[in-house]
Structures are given as structure tokens and as C-alpha cells.
Amino acid sequence: MRITFEILDKHRHDRDNFDCGSEELNSFLKNQANQRQKRHNAVTHVAVDVDEVKVPKLIYGYYTLSNYSLDCNILPIAEAKKMPIKEKIPSLKLGRLARNKLYSNPGFGKIILMEVFRKAVALSTEVGIYLIDVDILNAEVGKFYRQFGFIEFIDDNKHMFITIETLKKLFKLEEKISMNTYSEAT
Amino acid sequence: MRRKVAEARIDMRISPQRKYFLELAAFVGGYDSLSNFIKEASEKLAKTVFDNTKDESRELSAKDQALLMNFLKNSPEPNPTLKAAYKKITALYQLDERGQAIYELDPDMVKKADPA
């Protein structure tokens, strides 16, 4: 089956048959995602079957992204001067990520996350983004992101982050792997 | 001191089944009335909605600022789990002419929707 990600459209995507096991995340998709998108507050991307002809299409998973910034204005001046950027650090907020448990297996969450990374790195070439900031709704969610190298804050246990530089290293690494494979083959 | 009287009203129509379901939950939860149960539940939900929508930024504590700055200056290498996941998943997708990723997945990864 071929899956792609589209921006949520309430007429084209079936929000009613989505169940990720979390009432909060189900309810967000059904009741709030469209409104928040209209207000340009957060954009929801849904995973759908490319070849499905029926409309509305089943949603296999979704994630929401928005612009966000982290205020860093209380560092000591001497310390702040050494830093690459000051005050507001532009970031990408990964507000929610969920998969439809009725139609996908647990590995599908990783595909959604990698799509977020792919999109974030692509965006970072056009707008200034330093990191992805993620909401940690519960311990299970924290465990999911921690395994991929998301970093916990010290005082704020409701969020974690991963830097765009780390993701760029990942993408370069992959290029290197492809290049090496190519060199070996030729 | 005179007690403040609640004057505003909320009327709503729901199915008998939903009303029974809410009454049962209020009873099991030890609430003295269905009204109090609904008031508390809806206030909690309202707070969550505001929490989820209010900010487009937040201020970090001094410790978290220092931590973040340190990681921005010295971003870590991707960890082995991330590398493995990335390698596996990049093999699954191709970009179409619009730059959109199309993932070719095994049938055990996802189930097709019912055609009905």
C-alpha cells in the first residue's frame, strides 16, 4: 500500500473512523484540528492511502505542526554573548502525533515521526528553525520520543526537543551511506 | 457573608442514553449532582483547550536556557535508534514530482480501509 501525507481537509478526510486509543488525541482531530488550521494556529497533516478512491479517505495517522519560539532572555549577559542566537529561538512545535490503531501497527508511528523530520529539515533550508519542540502528554509519549534522542529539559517536564543540526547530521549520514554504496557498486 | 447565586443557565438536549451514561459516571464518581459533574468536567476541558491554544512561545528557566544553548552549540550525533529507524524508513519512500513523499508499505504495517 502507498501512503502519503496531506493537509487535513474535513471534506476529504474521514475523521470519524480515527482511533488512536487516546480520547484527547481523537477528540483533537475530530473537533479542534480544523478550527486551529483555519486560525493559522497549527496545521494538521494526515497519512492517507494514495490509491484510495473513496472520499472521505481513511486517516492512518496524523501530526500537527506550528511555529513556536522559546524565550531565552534571562541568561547572564556574559553567557548570552557566547551564544549563537539570543532571546527568541525559532522552533517547530510538534503538538501531536498519533496513528490509527485500528488500521496500522506500532511501527507506523516511526514513519510519521520520520516524515516530521523530513519536513522539518526541508523547512529549515527556507526559514530559521533551530529545533523541534514536542509536547509530552504522558510518560508513554516521553518514552517514545526519548528513544530517538529527544532531550529532556531540566525544569520543564512537559516538553522535549531535538535540534535541527542533529537531524541534518542524520540526513547527511544517509547521503554518505548512499554515496558509499554508489562508489562501491561502481 | 451572602452566598453568590449562580444566575446564568445552560440548557442542552442529549439522548436518554447519553444522559444515563453521564448520570452513572456522576454517581460512580461521588458527585452530589449531575450538574456539578458536568460543570467540573466542562471546566477541566475548557482549561485544557486554553492550555493547548494560548501560547506561541514560552519562557524557559535559566537552567533550561543554558541546557538548550549548550545543545544548540554542540548538537549531538543522531543516536543508533534514530539512525536505524531513518535508514529503514528512507528505503520505503520516494519523492513524487511535487516533492511529496510516497511511502510503499508492507501489508503487515497497515490495513486497507473497508471499501464499503
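Here is the naming used below: chain letters follow the sequence lines, and residue numbers restart at 1 for every chain. Quantities reported herein were computed from a predicted structural model and do not represent experimental measurements.
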- Task: Evaluate side-chain contact (heavy atoms from CB on, under 4.5 Å) for Phe71(B) paired with Glu165(A), printing each intermediate quantity in order.
- Result: CA-CA 10 Å; Phe71(B) 276 105; Glu165(A) 277 307 308; over 6 Å; no
Does atom [atom1] ([X]) have a neighbourhood of more than 12 heavy atoms from anything else shown, all under 6.0 Å?
| X | atom1 | value |
| --- | --- | --- |
| Ile10(B) | CD1 | no |
| Lys110(A) | NZ | no |
| Gln147(A) | CD | yes |

Sub-4.5 Å side-chain heavy-atom contact between [X] and [Y]:
| X | Y | value |
| --- | --- | --- |
| Cys72(A) | Leu60(B) | yes |
| Leu105(B) | Ser104(A) | no |
| Tyr93(B) | Met114(A) | no |

Minimum heavy-atom distance [X]-[Y], with the two atoms named:
| X | Y | answer |
| --- | --- | --- |
| Lys63(B) | Asp155(A) | CB-OD2, 3.7 Å |
| Leu72(B) | Tyr130(A) | CD2-O, 3.8 Å |
| Thr4(A) | Ala101(B) | OG1-O, 2.9 Å |
| Glu56(B) | Asn41(A) | OE2-ND2, 4.0 Å |
| Leu82(B) | Phe148(A) | CD2-O, 3.5 Å |
| Ile89(A) | Met69(B) | CD1-CE, 3.7 Å |

- Item | Heavy-atom pair count under 4.5 Å with chain A, highest-scoring of Asn79(B), Asp106(B), Asp96(B) | Asn79(B)
Examine whether an atom of [X] lies under 4.5 Å from a heavy atom of chain B, and if so say whether it belongs to the side chain, the backbone or both; otherwise answer neither.
| X | value |
| --- | --- |
| Lys93(A) | side chain |
| Thr166(A) | both |
| Arg118(A) | side chain |
| Ile3(A) | both |
| Asp133(A) | side chain |
| Leu131(A) | side chain |
| Gln35(A) | neither |

Any chance you could measure [X], atom [atom1], to [Y], atom [atom2], to the nearest 0.5 Å?
| X | Y | atom1 | atom2 | answer |
| --- | --- | --- | --- | --- |
| Phe153(A) | Leu68(B) | CZ | CG | 5.5 Å |
| Tyr86(B) | Phe171(A) | OH | CZ | 3.5 Å |
| Ile111(A) | Lys88(B) | CD1 | NZ | 8.0 Å |

- Part of Leu92(B) lying under 4.5 Å from any heavy atom of chain A: side chain
- Task: Identify which part of Ile89(B) has an atom lying under 4.5 Å from any heavy atom of chain A, answering side chain, backbone, both or neither.
- Result: side chain
- Can you tell me if Asp64(B) uses its side chain to pair, donor with acceptor, with the backbone of Asp156(A) under 3.5 Å? yes
- Query: Ignoring hydrogens and geometry, is there a side-chain-to-backbone donor-acceptor pair from Lys169(A) to Ser75(B) under 3.5 Å?
  - Reply: yes
- Interface residues of residues 157-164 of chain A facing chain B - heavy atom cut-off under 4.5 Å: His159(A), Phe161(A), Ile162(A), Thr163(A)
same_hphob_cluster([X], [Y]) at 4.5 Å side-chain heavy-atom cutoff:
| X | Y | result |
| --- | --- | --- |
| Leu34(B) | Phe21(B) | yes |
| Leu94(A) | Val127(A) | yes |
| Leu123(A) | Val116(A) | yes |
| Ile38(B) | Tyr20(B) | no |
| Val121(A) | Val43(A) | no |

